[in-house]
Amino acid sequence: MIKEFLATMAIAAGVSAGAANAVEVEWQNVGNRKGADGATEYVQRFIIKGNLAGLNRLAFCQFDRAMKPVNSVDTVVRIIPGYYYIASPRFAQGADSVVVDIVTAGNMPAYSYGADGVHGVDASGKPFDVKFTRLSGTERAEQWASPGRDRMPYGEEVYAINEALAAAPAAGPYDIVPSFKSVTPGAGEYVSAAGKKPEMKLIKHANPEFYRISVTPAGVTIEGASRQALYTAGRTFQRLLKMNGGKLPAAVVEDWPDYGYRGVMIDVARNFQTLDQMKKFVDVMADYRLNRLQFHFIDDEGWRIEIPGLPELTEYGSRRGYTVDEKNHLAQIYSGNGTTDSNWGNGHYTRKEFIDFLKYCDARGVTVIPEIETPGHARAAVHAMEARYRNTGDATYRLREDGDTSKYRSAQDFGDNVMNPALPGPYKFMEKVFDEIIAMYKEAGVPLNAIHIGGDEVPHGAWSGSPSAIKFMKEYGMNSEGDLHVYWAKWLGKALQQRGLEMAGWQEVALGKDEKIAREIAPYVEFINLWVTWPGKDETTLPAVKAQELGLPVVMSTAHGFYLDQSYSGHPDEHGLPWAMLTDEFTALDAYPAVISPTIKGGKVIGVQGQLWSETVRGPEWMEHYIFPKALGMAERAWNSDTTYSRAAFNRVLESHELPYLTGRGVNVHMRQPGIKIADGKALMNSPYAGGVIRYTLDGSEPTAQSPEYTAPVTIPAGTKEVRAKLFYLGKEGVATLQPVGK
């Protein structure tokens, strides 16, 4: 996995195979430490080599941090939050290698926080590729552990986990994700054959998604309460056959979901995914009986869908690259090579492509919910409409005003990402976008019930310096900026209602506000995504209960288990972030909706959803790696809200059925780690999967496919400081497990 990680980072920096690069950059976190003021900091090192005479600046992306170069002749400049450049007179002094050390605020727990999108800039301001390599981040503990905190899953801890996972018996032929409500064994065996198709029957049932699969030696009958139920059952039956080599023991399966809404949110705004990749994902969604795709194609960092009449949204807002003024496109962030044609940071869907995608999803029983972020998380739209105003003089759709001195900092550190509801532009803009989205669904012949308006994370002070907002709030008797946000949300709800639609939003649309206001907003709301599902410091009521009491239907979207961008473990080489909760397939499996979001009398918890935020996602393989098998735990809970599989039993199903099925379909999956236990001078190792191959080293180096295979306890030679092991299974590999000797 490290080799894959480093290779992918090289691609992210814009390096093509065999390219001759005049400048090479190696990067490493030297270590986390306490600074002179007692605050945590780390030192990151850029080793810059090659023909440096043509290097005017070295640009890179990284999560926003305060930075100070160690050498006083060097400078680090923030272009926008998360995008920086290094300048130094040493580049032009003829040296063939310059080391730039930068003291950076905070700590670096994982390499997802490391430098990315590294590229050069020449004296004319033109970006160019460099060869970028991340050096090892697991040489010394201070590279991942901050003072007083070490999240590394060491070998003995993993060994105990794997030992517990081995306790369950092997998976049976009808063990599948999501699990069936009931399986009644019959007599004999069914063997598939060419031309042998199940008999399909529509039946009456109170639950429109109920289905029954009757498997006998003579044939298979599938009954469903709707055409969608028959489709789901037929797809599930084919998956059962494939998992079991075309043979199934006779049985009767009866099944239905506990929730009608079973969804995944995919963020393609931060980093882009093609519609071919999204179609591939939708096919897998249908396999796992997931039926809602919340499509997050608009955010601060990108606008990904064509809106006729507003070409700037994609001509400007879907392009990112090197710029110090953002006049022609957004600044690079997260990844890229400084150009506006590099992967992942750039791209959008044409109207025709999106219409085709809607039809594709509808044919597979997946409803697409478009998300138009407003008033916050709107930086791409705000800047695109400013570009329209600069280039055409048309102020109709301007989303901010001249003379606004508001000072704020959003959750992603932006101070220019909020629409201003005191201006006429945002109202005309949203009506235009709503109408164009509605027209696309109509042309596709696909129903549209609601548009998601985001509504989350509007920073304090967003309109504090706006003359129009101050005047507007005074005229309407508003006491705070929060009242202006509520006014905007209610207007959006009414605008959608006039178009025959409902509004969806993140919980901030209504929760945390005056109860009277929340109840006034509720009639417009189809659902809110409840992502903060735990009580606050001074609260005893679960947010889900409070939401339902206020009349707000809930989609349980908890960050504690269903945020798919969270790292699988505390290992520094794992992709993802740890801010909400380290999340693997078992964390997701244990996020019980009935406990976290219980349905109260008269209330509605309509479903469950997993979220993939894409700040740290680089391309389709990474997307799949984050989601699978993590999302399978979520899919199990979306279909079955109560206890089904234990962790060990669930792992057995993944091991023998689901992981082979996914990899057989060409889906990239995350691989767990082997355990290491040292006893009596020997290293014992174990695998989470019976078919996994463990390879190890005793010299502190990274295990590879050529390293010795573990087959029996390994005698540890005198002087050995550390044992490392890595799991290889189904053509995939995990991160290396570390176990210090003598600790």
Side-chain angles (χ1 to χ4, degrees), residues 174 176-184 197-215 220-240 251-265 282-294 358-369 441 444-450 452 500-502 504 525-529 548 553-557 593-594 597-610 634-642 644:
Y174 285 95
I176 194 172
V177 177
S179 58
F180 297 129
K181 287 293 191 298
S182 73
V183 179
T184 305
K197 295 183 178 179
E199 181 183 0
M200 311 292 276
K201 293 182 179 179
L202 275 171
I203 60 172
K204 291 183 178 180
H205 195 277
N207 188 326
E209 293 195 80
F210 173 89
Y211 64 83
R212 181 185 297 115
I213 304 173
S214 301
V215 180
V220 175
T221 301
I222 296 178
E223 301 164 288
S226 64
R227 295 195 179 279
Q228 182 57 48
L230 288 174
Y231 175 81
T232 300
R235 195 168 186 122
T236 301
F237 174 68
Q238 292 303 319
R239 189 153 66 93
L240 280 172
V252 175
V253 172
E254 290 194 332
D255 200 23
W256 62 92
D258 289 344
Y259 296 107
Y261 184 116
R262 305 177 299 280
V264 181
M265 186 224 73
V282 166
D283 281 331
V284 181
M285 281 184 67
D287 284 341
Y288 289 96
R289 293 170 250 159
L290 299 167
N291 63 358
R292 298 289 193 278
L293 173 63
Q294 184 174 319
L358 291 175
K359 294 176 181 178
Y360 189 91
C361 294
D362 186 63
R364 287 150 182 80
V366 174
T367 298
V368 179
I369 302 166
Y441 276 77
V446 173
L448 176 64
N449 298 323
H452 199 291
L501 302 177
E502 290 185 288
V525 175
E526 183 185 49
F527 66 84
I528 59 168
N529 294 104
Q548 292 173 83
V554 168
V555 170
M556 205 271 275
S557 309
S597 297
T599 303
I600 67 170
K601 186 177 180 180
K604 289 182 181 178
V605 177
I606 67 171
V608 165
Q609 182 168 283
M634 184 277 298
E636 179 66 27
R637 290 287 73 86
W639 192 268
N640 299 297
S641 66
D642 207 346
T644 48

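All values reported here derive from a predicted model rather than from experimental measurement.
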Please check if any side-chain donor atom of Asn291 sits under 3.5 Å from a side-chain acceptor atom of Thr367, or the reverse. no

Just verifying a value: how many Å separate Phe210 CZ and Thr232 OG1, rounded to the nearest 0.5 Å? 13.0 Å

Matching residue for Glu209 among Arg262, Lys181, Arg289, Arg227 - test: salt bridge (Lys or Arg N to Asp or Glu O under 4.0 Å): Arg262

Provide the closest heavy-atom pair for Gln548 versus Thr599 in the form atom of the first, atom of the second, distance. OE1-CA, 3.5 Å

Approximate separation, where rounding is to 0.5 Å, of Ile213 CD1 and Leu240 CG: 6.0 Å

Under a 3.5 Å cutoff, is there a donor and acceptor pairing between the side chains of Glu636 and Thr644? yes

Return the CG to CZ distance between Asp642 and Arg637, rounded to the nearest 0.5 Å. 7.5 Å

Tell me whether the rings of Phe180 and Tyr211 are parallel (<30°), tilted (30 to 60°) or perpendicular (>60°). perpendicular

Taking all non-hydrogen atoms of both residues into account, name the closest pair between Gly234 and Ile222 and its distance. CA-CD1, 3.9 Å

Are the side chains of Glu502 and Asn449 in touch, meaning some heavy atoms are under 4.5 Å apart? no

The test is side-chain contact (heavy atoms from CB on, under 4.5 Å); show your working for Gln294 and Asn529 and say whether it passes. CA-CA 10 Å; Gln294 184 174 319; Asn529 294 104; 3.3 Å; yes

Pair Tyr259-Val555, side-chain contact (heavy atoms from CB on, under 4.5 Å): steps then yes or no: CA-CA 10 Å; Tyr259 296 107; Val555 170; over 6 Å; no

I'd like to know whether Arg235 forms a side-chain contact (heavy atoms from CB on, under 4.5 Å) with Asp287, so could you lay out the CA-CA distance, the side-chain angles of the two residues, the decisive distance to 0.1 Å, and finally the verdict. CA-CA 7 Å; Arg235 195 168 186 122; Asp287 284 341; 2.7 Å; yes

Yes or no on side-chain contact (heavy atoms from CB on, under 4.5 Å) for Val264 and Met634, after CA distance, side-chain angles and deciding distance? CA-CA 9 Å; Val264 181; Met634 184 277 298; 3.9 Å; yes

Let me confirm one number: the OH-OG1 distance from Tyr288 to Thr236, rounded to the nearest 0.5 Å. 10.5 Å

Over all atoms of both residues, closest heavy-atom pair of Leu448 and Leu501: O-CD2, 2.9 Å

Derivation of the side chain to side chain donor-acceptor pair (under 3.5 Å) call for Gln609 and Tyr261: CA-CA 8 Å; Gln609 182 168 283; Tyr261 184 116; 2.6 Å; yes

Arg364 to Tyr360 six-membered ring, cation-pi geometry met (6.0 Å, 45°): yes

Any side-chain heavy atom of Val554 within less than 4.5 Å of one from Ile606? no

Least distance between heavy atoms, Ala229 atom then Pro208 atom: CB-O, 3.6 Å

Tell me if a side-chain donor or acceptor on Arg212 pairs with a main-chain N or O of Val253 at a distance below 3.5 Å. no

What distance do Ser179 atom OG and Trp639 atom CH2 have between them, rounded to the nearest 0.5 Å? 10.5 Å

Cation-pi between Arg292 and Phe527: NZ/CZ under 6.0 Å from ring centre and within 45° of the ring axis? no

Closest non-hydrogen atom pair, Val183 against Ala251: CG1-CB, 4.0 Å

Give a yes or no answer on whether the side chain of Ser597 reaches the backbone of Pro593 with a donor-acceptor pair at less than 3.5 Å. no

Within this structure, what is the OG-NZ distance for the pair Ser214 and Lys201, rounded to the nearest 0.5 Å? 8.5 Å

Show the nearest heavy-atom pair for residues Asp362 and Pro447, with the distance to one decimal. OD1-CD, 4.4 Å

